[in-house]
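Following: one structure in structure tokens, then a few remarks.
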Number of protein chains: 2
Amino acid sequence: MATIDDVLGTIDANLPASTQRLFDLLSIPSVSTDPAFTQHCLRAANWLADELKGLGYTAEVRETPGHPIVVGHAKAKRADAPHVLFYGHYDVQPPDPLELWETEPFAPRLADGKTGKEIVARGASDDKGQLMTFLEACRAFEQNGGLPCHVTFLFEGEEETGSPSLPAFLAKHREELSQPGIALVCDTSMWNPTTPAITVMLRGLAQEEVFIRIASHDLHSGMFGGPVNNPVHVLAKIIADLHDAEGRVTLPGFYDGVPDIPEDIAEQWRNLEFDQAQWLQDVGLAHVGGEPGRGIMEQIWARPTCDVNGIVGGYTGKGSKTVLPAQASAKFSFRLVGQQDAKSVLESFRAFVRARLPADAKVEFLNHGASNALQLPFGSEALSRARRALASEWGKEAALAGCGGSIPIVGAFKRDLGMDALMIGFALDDDRIHSPNEKYSFTSFHKGARSWARVLDALAA
Amino acid sequence: MATIDDVLGTIDANLPASTQRLFDLLSIPSVSTDPAFTQHCLRAANWLADELKGLGYTAEVRETPGHPIVVGHAKAKRADAPHVLFYGHYDVQPPDPLELWETEPFAPRLADGKTGKEIVARGASDDKGQLMTFLEACRAFEQNGGLPCHVTFLFEGEEETGSPSLPAFLAKHREELSQPGIALVCDTSMWNPTTPAITVMLRGLAQEEVFIRIASHDLHSGMFGGPVNNPVHVLAKIIADLHDAEGRVTLPGFYDGVPDIPEDIAEQWRNLEFDQAQWLQDVGLAHVGGEPGRGIMEQIWARPTCDVNGIVGGYTGKGSKTVLPAQASAKFSFRLVGQQDAKSVLESFRAFVRARLPADAKVEFLNHGASNALQLPFGSEALSRARRALASEWGKEAALAGCGGSIPIVGAFKRDLGMDALMIGFALDDDRIHSPNEKYSFTSFHKGARSWARVLDALAA
């Protein structure tokens with residue numbers, strides 16, 4: 001019976017052919033946002049379905065209101081093997097501005113980069129190259145007796161436009177797609193070129209716009225200023241009251257469900273190679289803000305926030321105007337972690353606002369969404385196995401990372417399929433995704449496939 | 001020797017001819033803002049100069065970079081009489097929208113209004129009708145042995161466009177125009193149709209725009225929110241800190257020079273006929289805001305304020321955007337009273353802002369002007385005399401009013417000529433100035449002329 005080393009050897013031996021297959025996929029300009037490329041999106045979907053069928057799997061290109069979704073199923077060599085759902089996306093960002101590309105964006109090539117060979121093309125890193133690491137791992141298993149896990153493949157074509165068709169598709173095919181097991185998502189980055197990463201936390205997001213009105217119309221600040229209250233002041237007081245002097249959010253109940261970070265994870269984060277000075281300098285800063293004593297990683301990955309994303313009221317043109325504004329408004333967003341409940345946070349927020357309105361002030365709330373944080377428990381068995389697998393491949397522990405932003409598809413897997421996700425990806429920070437001359441490290445492609453082989457093997461062990 | 005009653009009798013007898021003279025002036029479309037009417041502005045200036053000459057006074061139409069200014073001088077019958085400077089303006093607002101006028105705006109007519117006869121035409125109230133009340137008072141004195149005061153006349157043609165040429169003109173002719181004595185300005189309103197008013201306080205105005213920047217560019221609030229400070233929060237905290245819970249401005253030294261209101265004045269204000277509920281309802285409110293326990297009149301006339309006239313930062317379009325703004329800005333204005341020093345207030349404000357900036361925050365200030373309040377001392381002799389004169393004519397005490405806004409020309413008289421001003425006018429709140437079908441009460445015109453006769457007589461007594 002074949003061992004994991006046999007599978008890894010096959011991946012190594014397949015590499016030239018694997019690269020050619022990736023080049024074939026990269027040469028299809030499957031830009032999802034531009035209707036002029038609709039046929040190319042369909043071509044890419046068909047190409048992937050054909051690949052799956054070529055490996056002996058079932059595969060269908062299924063229609064959605066937008067671009068099609070490819071669904072495939074592969075059986076493991078053992079019937080009692082665990083099940084995984086693998087997600088990737090075949091659509092890409094537009095290549096514009098074209099004049100900044102050194103070569104054609106849909107004519108993939110190998111180039112020499114500063115850390116070795118690179119695959120240069122639109123979609124090389126986001127997400128075709130990443131997606132193909134998994135397919136090549138599956139191929140190697142098939143050449144060595146079969147898969148260790150049952151696999152459901154889900155390739156969508158609208159990730160770059162916000163996955164508008166995915167939630168309804170998941171709901172419709174829930175029974176087919178939702179097997180006990182974990183989702184594997186390959187659309188994230190390594191910590192650095194030699195350190196793999198598993199993203200285990202995604203902050204949630206609750207957004208609410210607030211409009212405060214007092215007078216029925218804008219007034220002359222000389223004729224009315226004083227006895228008529230100013231909605232900008234009322235709004236400013238609300239914003240100011242939302243944080244205490246330690247940078248903590250003051251909403252009652254806000255920190256309910258915010259977990260402490262386990263000491264071993266905190267220790268790992270402290271020891272991650274991270275150039276704090278450079279990170280700050282890149283955005284024009286020299287000091288860490290926010291909650292005193294908490295590092296950047298901790299704050300972005302594991303702490304909730306409240307931010308005003310926009311504010312407007314009164315006269316905002318050039319020069320001055322002695323107006324007493326009738327209205328002021330602001331867009332608030334709350335990044336959530338752990339078990340914080342987005343709906344409760346918004347309820348607390350609305351009460352907080354209402355409690356600060358003077359007589360005659362009217363408030364209107366406009367919701368822009370509310371999603372809880374997603375967190376794979378640090379003690380999860382699948383996580384432990386994936387960590388061991390990645391450590392074997394890379395020779396060092398994977399960073400257990402958070403992600404300050406949200407990844408809507410992962411929320412959809414949790415909400416619509418009830419599945420947790422392991423986010424493992426091999427992109428690098430300098431891959432220029434969404435930008436000209438996008439590239440994917442050849443090492444990422446090669447060791448990415450080997451990593452997936454080890455992860456599948458470990459999950460089934 | 002003629003008595004004041006003789007003069008008043010002459011005014012009464014002259015009334016038909018006075019009205020015709022006002023109609024002549026009103027028929028000249030001296031719209032200052034529209035270059036198409038430049039010749040008509042000159043015509044109005046010449047018409048006024050001819051009127052003055054017709055009364056035996058010297059008069060010149062003097063060029064400015066804009067519309068001309070008419071300067072005249074009249075000698076009193078007694079060489080040792082006091083001197084006054086009378087100001088009015090001959091320019092008017094455009095009559096648009098023309099279709100809303102019941103008759104031609106520059107074809108003056110007498111109409112029956114709800115409280116008696118009204119003179120209907122553009123400029124009837126603002127300011128030709130008011131200006132002519134003073135000229136007709138002078139005419140009546142001339143027909144009764146001469147003026148009781150030396151009078152300098154100053155008629156400008158750019159009041160409706162912000163008097164851009166006036167300050168330089170005053171500075172240039174300072175020696176000629178600045179005699180010991182008081183300025184008389186006829187461009188304000190009665191308290192109500194039966195109660196005259198003297199405006200004795202104008203709030204000052206200091207304006208400063210503040211820009212706060214933190215990161216070098218807008219950031220993703222998920223990827224940076226937390227460890228990177230938000231300039232909207234910083235600005236909101238500054239705005240919130242500027243007022244205490246009692247509505248008082250917290251700037252150090254802000255209330256230096258803010259006078260207490262003498263009890264007799266406060267008593268008068270409390271007893272003025274004033275429909276507070278209506279005032280509030282007109283702007284959609286039911287409650288008095290600002291400093292608790294202080295009435296509307298007191299707050300607008302005699303209390304300083306701090307207002308944000310405009311604020312903007314981050315994304316202000318439709319929907320949501322998870323942006324951590326790089327910049328936020330706000331336009332602040334301070335209404336000043338009594339002896340408050342506008343420059344000191346702005347210095348205190350800038351220090352207040354700087355003291356609230358976190359590390360890495362940068363601030364920029366953009367000044368939009370600073371003028372102190374103007375206040376005729378309540379104990380002024382000229383004011384006492386004018387009050388007695390108006391009480392004789394109207395049978396009730398004149399309201400000693402403030403004005404929440406600023407009147408730049410009055411500031412210019414103080415600054416450039418060193419002269420205090422008595423602002424006495426006979427306009428009514430429903431005169432529709434700047435609007436279609438502007439009118440001036442015939443009673444205002446008639447009793448306005450009689451009032452000026454009594455005031456001139458009282459000032460010389």
Side-chain angles (χ1 to χ4, degrees), chain A residues 203 205 207 209 214-217 219-230 232-233 236-237 239-241 243 283-290 296 299-300 303 305 307-316 319-325 328 331 333 335 358-360 368-369 404-406, chain B residues 203 205 207 209 214-217 219-230 232-233 236-237 239-241 243 283-290 296 299-300 303 305 307-316 319-325 328 331 333 335 358-360 368-369 404-406:
Chain A
R203 287 199 290 190
L205 181 59
Q207 294 176 279
E209 193 164 2
I214 298 183
S216 55
H217 51 282
L219 300 172
H220 187 293
S221 73
M223 302 306 173
F224 293 89
V228 174
N229 288 323
N230 187 324
V232 176
H233 301 189
K237 178 88 171 88
I239 296 169
D241 282 355
H243 287 89
V283 294
L285 303 178
H287 301 85
V288 180
I296 291 174
Q299 288 201 63
I300 290 179
R303 293 297 293 175
T305 65
D307 264 305
V308 176
N309 304 116
I311 186 169
V312 67
Y315 177 70
T316 60
S320 64
K321 184 177 174 185
T322 51
V323 64
L324 181 63
K331 298 174 196 283
S333 64
R335 297 280 171 181
D360 288 334
H368 294 301
S406 51
Chain B
R203 287 200 291 191
L205 181 60
Q207 293 176 281
E209 193 163 1
I214 298 183
S216 55
H217 51 282
L219 300 172
H220 187 293
S221 72
M223 303 305 174
F224 293 88
V228 175
N229 289 323
N230 186 324
V232 177
H233 301 189
K237 178 90 170 89
I239 296 170
D241 283 354
H243 287 90
V283 294
L285 303 177
H287 301 85
V288 180
I296 291 175
Q299 289 201 62
I300 290 180
R303 295 296 295 174
T305 66
D307 265 303
V308 175
N309 305 117
I311 186 169
V312 68
Y315 177 69
T316 60
S320 64
K321 185 177 174 185
T322 51
V323 63
L324 181 63
K331 298 173 196 282
S333 64
R335 297 280 171 182
D360 287 335
H368 293 301
S406 53

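Excluded from the calculations below are hydrogen atoms, water molecules and symmetry mates; all remaining heavy atoms, backbone and side chain alike, are included. Predicted model only: the values in this text are computed from it and were never measured. Just so we're on the same page: letters track the sequence lines, and every chain starts at 1.
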Original post:
Do you know which of A/Gly226, A/Ala236, A/Pro227 has the most heavy-atom pairs with chain B at a distance under 4.5 angstrom?
Top reply: A/Pro227
Original post:
Going from CG on B/Asn229 to CG on A/Asp307, what distance comes out if it is rounded to the nearest 0.5 angstrom?
Top reply: 9.5 Å
Original post:
Using non-hydrogen atoms only, which part of A/Leu219 is less than 4.5 Å away from chain B: side chain, backbone, both, or neither?
Top reply: side chain
**OP:** Counting only heavy atoms closer than 4.5 Å, note whether A/Lys321 contacts chain B via side chain, backbone, both or neither.
**Re:** backbone
Original post:
Who among A/Leu205, A/Ile239, A/Asp241 has the most heavy-atom pairs with chain B under 4.5 Å?
Top reply: A/Ile239
Original post:
In Å and rounded to the nearest 0.5 Å, what is the CD to OG distance from A/Gln207 to B/Ser221?
Top reply: 7.5 Å
Original post:
Side chain, backbone, both or neither: which part of A/His220 has an atom under 4.5 Å from a heavy atom of chain B?
Top reply: side chain
Original post:
Closest approach of B/Asn230 and A/Val308, non-hydrogen atoms and distance?
Top reply: ND2-O, 2.9 Å
Original post:
What part of B/Arg303 lies closer than 4.5 angstrom to a heavy atom of chain A: side chain, backbone, both or neither?
Top reply: neither
Subject >> Contacting moiety of A/Ser333, where chain B heavy atoms sit under 4.5 Å >> reply: side chain
Original post:
Which distance, rounded to the nearest 0.5 Å, do you find between the OG1 of A/Thr316 and the CD1 of B/Ile311?
Top reply: 11.0 Å
Original post:
Going through the distances and angles, do A/Thr322 and B/Arg335 end up as a side chain to side chain contact (heavy atoms under 4.5 Å, CB included)?
Top reply: CA-CA 10 Å; A/Thr322 51; B/Arg335 297 280 171 182; 3.2 Å; yes
Subject >> Heavy-atom contact with chain B under 4.5 Å, split by part of A/Ile214 >> reply: both
**OP:** Side chain from CB out, backbone as N, CA, C, O: work out which of these in A/Ser216 comes under 4.5 Å of a heavy atom of chain B, or both, or neither.
**Re:** both
